[in-house]
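A, B, ... follow the sequence lines: proteins, then strands. Residue 1 opens every chain. What's counted below: heavy atoms across the whole structure, side chains too, no hydrogens, waters or symmetry copies.
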4 protein chains.
Amino acid sequence: MGTKRTLTRVDGASGATMRDLEARRRILSVTHQMLVTQGYAKLTIGGVAANAGVGKATIYRTWPNKPALVLEALRNTFPEVPTADLGDSRAEMLAAANTLAALFNLREVRAALPGLIADTAEGEGSEHDLRDRLIGERKSRSTQCLERAIERGDLPADTDVSLVLDSWAGVMLFRCLFFGETLSAADVERLVDTTLVSPHRLPAA
Amino acid sequence: MGTKRTLTRVDGASGATMRDLEARRRILSVTHQMLVTQGYAKLTIGGVAANAGVGKATIYRTWPNKPALVLEALRNTFPEVPTADLGDSRAEMLAAANTLAALFNLREVRAALPGLIADTAEGEGSEHDLRDRLIGERKSRSTQCLERAIERGDLPADTDVSLVLDSWAGVMLFRCLFFGETLSAADVERLVDTTLVSPHRLPAA
Amino acid sequence: MGTKRTLTRVDGASGATMRDLEARRRILSVTHQMLVTQGYAKLTIGGVAANAGVGKATIYRTWPNKPALVLEALRNTFPEVPTADLGDSRAEMLAAANTLAALFNLREVRAALPGLIADTAEGEGSEHDLRDRLIGERKSRSTQCLERAIERGDLPADTDVSLVLDSWAGVMLFRCLFFGETLSAADVERLVDTTLVSPHRLPAA
Amino acid sequence: MGTKRTLTRVDGASGATMRDLEARRRILSVTHQMLVTQGYAKLTIGGVAANAGVGKATIYRTWPNKPALVLEALRNTFPEVPTADLGDSRAEMLAAANTLAALFNLREVRAALPGLIADTAEGEGSEHDLRDRLIGERKSRSTQCLERAIERGDLPADTDVSLVLDSWAGVMLFRCLFFGETLSAADVERLVDTTLVSPHRLPAA
DNA sequence: AAGTAAACGAGACGGTACGTCGTGTCTTCCG
DNA sequence: CGGAAGACACGACGTACCGTCTCGTTTACTT
């Protein structure tokens with residue numbers, strides 16, 4: 001007999017004691033689908049439950065609220081930032097940046113992001129954790145990439161890696177949220193090259 | 001003859017659309033206040049109406065929905081990006097960037113932004129207009145600043161001004177939304193200096 | 001110089017100082033029209049005002065509320081109970097009863113009656129007065145008719161005239177309100193003849 | 001395992017549709033109460049909900065609108081027209097008529113009737129059904145009474161039973177609605193005796 | 001004829017109730 | 001005995017009218 005109420009879900013995948021693993025899959029899939037077709041605002045827990053042939057309680061048993069559910073539904077579709085060592089710093093950085101850009105280009109992400117941000121804005125609990133985890137994951141992998149470039153001497157040692165990465169993500173986020181645009185491949189390239197030439201440090205002089 | 005039974009002041013200034021303006025001011029002020037104290041999510045039209053001693057219909061008569069109201073309540077508190085010619089490109093850019101950073105540091109902005117973004121995400125109508133206007137205003141003034149720097153030769157002619165500015169705003173937005181942080185003065189400086197050294201153009205080589 | 005605020009309107013027709021007599025006519029006519037086409041519930045003061053090309057205040061200046069307005073709009077179309085002495089008690093009674101039946105058969109009366117009753121139910125003020133006046137008028141004329149029959153000896157002297165008349169009106173009201181029906185000519189005749197044969201007095205024993 | 005947070009009693013009787021019935025009873029009772037204390041016009045669904053400690057939706061789930069709710073709240077308090085065979089036609093008719101009179105004398109009926117009639121006036125749906133049912137029920141039982149009198153020979157065979165009954169109800173309705181009066185016992189007796197002597201048929205001559 | 005005061009059309013205003021919807025918790029009942 | 005089904009309390013939504021009010025303007029009396 002398992003502890004019924006798992007207050008803090010440790011890992012997105014374990015799913016507590018959900019009897020029907022199949023149901024879980026269905027819920028997430030329906031969520032994802034509705035996200036794309038209806039958008040975040042019109043997606044309701046009740047709707048997901050109905051479309052998944054599931055009781056609302058079943059959903060609430062696993063996810064505490066809408067953003068948590070959406071977040072997990074999104075996780076599966078997130079592209080992974082590649083970490084392979086290509087020997088070429090610029091190529092690696094481009095790959096990382098392009099992956100990020102691709103993420104902001106996903107229909108479901110664009111649909112979910114605004115609502116997700118709003119609904120988790122003041123949440124200090126699991127919501128923040130989840131969001132951080134999702135972002136943190138990409139960021140840490142991208143960080144590896146930049147640090148390798150530093151090791152190679154392609155970026156100065158005092159580069160503010162976090163600032164660079166937040167800058168990359170920031171432009172994309174900004175354009176995505178406010179204009180519904182994506183960065184073009186050329187823009188991404190420009191971003192990376194700017195970083196390479198003058199990687200956010202004070203000028204030598 | 002005699003003042004019939006005018007509860008509100010009669011003399012006033014011009015006797016024009018007094019009643020309107022009186023109420024309008026009160027509504028916006030209450031909205032702003034509640035934004036700070038309660039946050040966007042807990043701010044309701046009904047609540048604003050009650051606190052402003054106004055009928056809900058009066059609000060709906062002027063603003064079609066919550067984000068429109070909040071947006072207008074916010075406009076008044078937005079700091080203006082300075083456009084004065086200081087003769088010093090770096091100083092001007094710092095001023096612009098710091099103004100931007102200050103904006104993201106306002107309590108009411110931080111409270112309103114997530115919800116505002118979410119609620120105007122799919123709006124194609126006035127909502128988009130408003131948002132664009134608000135952002136566009138700052139951006140165009142900042143653009144003046146950067147272009148002056150280009151004219152002075154402090155920035156290369158092929159600088160992608162929009163990308164630079166979106167980058168600046170992007171980092172701030174990103175950190176604001178996801179971490180509730182603000183850019184430190186040092187970070188802002190770093191941002192500006194990076195732009196000055198290698199303003200987002202491809203390297204010559 | 002007339003008394004400005006006529007709180008109690010003494011007679012439905014005098015209309016205080018309504019500048020534009022034409023407007024008054026238009027208001028009542030529009031009210032009557034809307035009563036027929038929309039029914040009492042959907043008739044709003046605002047609607048009447050708009051359709052009559054008149055400000056709401058103009059209506060409220062003359063009539064204190066909806067039922068008062070409707071009542072007056074109705075008065076004009078009410079058929080008068082005949083009081084002429086025909087020499088024949090049965091003929092006179094039939095005429096009176098049929099006039100009553102005709103009244104309940106008017107489209108506007110059927111439309112207005114239920115709402116009118118409801119809205120003036122608890123009114124102790126002018127509303128009750130008005131209603132009583134309207135009903136009282138018909139009733140007093142019908143009373144004349146019955147009393148003449150008593151004088152002639154066609155009805156016993158101890159006939160409870162009021163009970164008889166209320167009985168007549170009652171059936172019609174009952175059928176009108178609950179079934180939307182009218183008394184057929186035959187039913188009216190039966191009603192009258194019953195009264196003639198045994199006019200609501202105790203049997204002689 | 002502790003009682004989680006059940007504010008309402010848990011043990012109850014059978015555990016069947018307790019929650020439903022519990023709430024239903026409370027709603028109807030509150031409605032009835034408010035009807036008496038406030039009257040029909042001031043009774044609001046929201047008010048009933050609040051006083052019954054129930055959400056508005058719960059009421060709307062069961063009753064489509066105010067009159068439907070009031071109607072049902074009223075049903076419980078309606079006195080039944082007796083149908084017992086007393087062997088005495090006059091006694092039976094008096095019983096029936098007095099029951100009817102008593103009904104129109106109920107505080108809640110007098111309070112609800114005008115509004116109820118108005119709000120169900122144009123209703124062709126369930127409203128009409130309900131009203132008919134409520135009235136029809138009394139009427140059919142009264143009809144039994146009169147028909148038994150006919151069988152006994154106390155009333156002529158060609159008596160228009162429906163007209164007689166509508167006449168009875170009509171007077172009461174008329175006096176109730178327009179004058180807030182009730183028929184005195186003497187009046188009821190007079191009504192019955194009139195019917196017995198000359199039961200609404202054409203005179204033989 | 002000019003001046004004054006009122007009545008007017010228009011419609012904004014503070015309120016109140018409406019009926020609907022979504023949330024997150026709960027209970028019931030079925031497989 | 002666990003889950004679907006959905007009822008439940010709550011609370012916000014946006015709409016509709018009410019009856020009062022405030023605008024300018026138009027009209028009709030006064031002088």
DNA chain E: 5'-proximal contact among B:Ala52 and D:Leu43 (nearest heavy atom): B:Ala52
Salt bridge present between A:Glu22 and A:Arg25 (N-O < 4.0 angstrom): yes
Contacts of C:Glu108 that satisfy salt bridge (Lys or Arg N to Asp or Glu O under 4.0 Å) - sequence neighbours left out: none
Sugar-phosphate only, base, or nothing, as touched by D:Ala49 at under 4.0 Å among non-hydrogen atoms: nothing
Side-chain N,O (A:Thr58) to OP1/OP2 (F:dA4) below 4.0 Å: yes
Nearest-Å distance for atom pair CD1/C1', residues A:Ile59 and E:dT25: 14 Å
Under-4.0 Å side-chain N/O to phosphate OP1/OP2 contact, C:Arg61 with E:dA7: no
Whole-Å gap separating C1' (F:dT27) and CD (C:Glu22): 16 Å
A:Arg24 CZ - F:dG3 C1' separation (whole Å): 16 Å
Value rounded to 0.5 Å, distance of CZ in A:Arg75 from CZ in A:Arg133: 5.5 Å
Presence of donor-acceptor pair under 3.5 Å, side chain of A:Lys56 and base of E:dG24: yes
Nucleotide E:dG22, atom P - distance to CG of A:Asn51 in whole Å: 13 Å
Between E:dA7 (C1') and C:Leu21 (CG): distance, integer Å: 14 Å
Sugar-phosphate only, base, or nothing, as touched by C:Ala50 at under 4.0 Å among non-hydrogen atoms: nothing
Given F:dA4, F:dT20, E:dC8, the nucleotide with the shortest approach to the side chain of C:Tyr60: F:dT20
Side-chain heavy atoms of B:Arg24 within contact of B:Thr62, under 4.5 Å: yes
Which residue lies more 5' along DNA chain F, comparing B:Lys66 with A:Val54 via nearest heavy atoms: A:Val54
Proximity to the side chain of C:Asn65 - top-ranked nucleotide from E:dG24, F:dG19, E:dC18: F:dG19
Sugar-phosphate, base or nothing in reach of D:Gly47, heavy atoms under 4.0 Å: nothing
Separation of atom CD1 in A:Ile45 from atom C1' in E:dG24, rounded to whole Å: 9 Å
First of B:Thr44 and C:Gly46 reached from the 5' end of DNA chain F, by closest nucleotide: B:Thr44
Whichever of A:Lys42 and C:Arg26 has its nearest DNA chain E nucleotide further upstream toward 5': C:Arg26
From A:Leu69 atom CG to A:Ile27 atom CD1, the distance as rounded to the nearest 0.5 Å: 7.5 Å
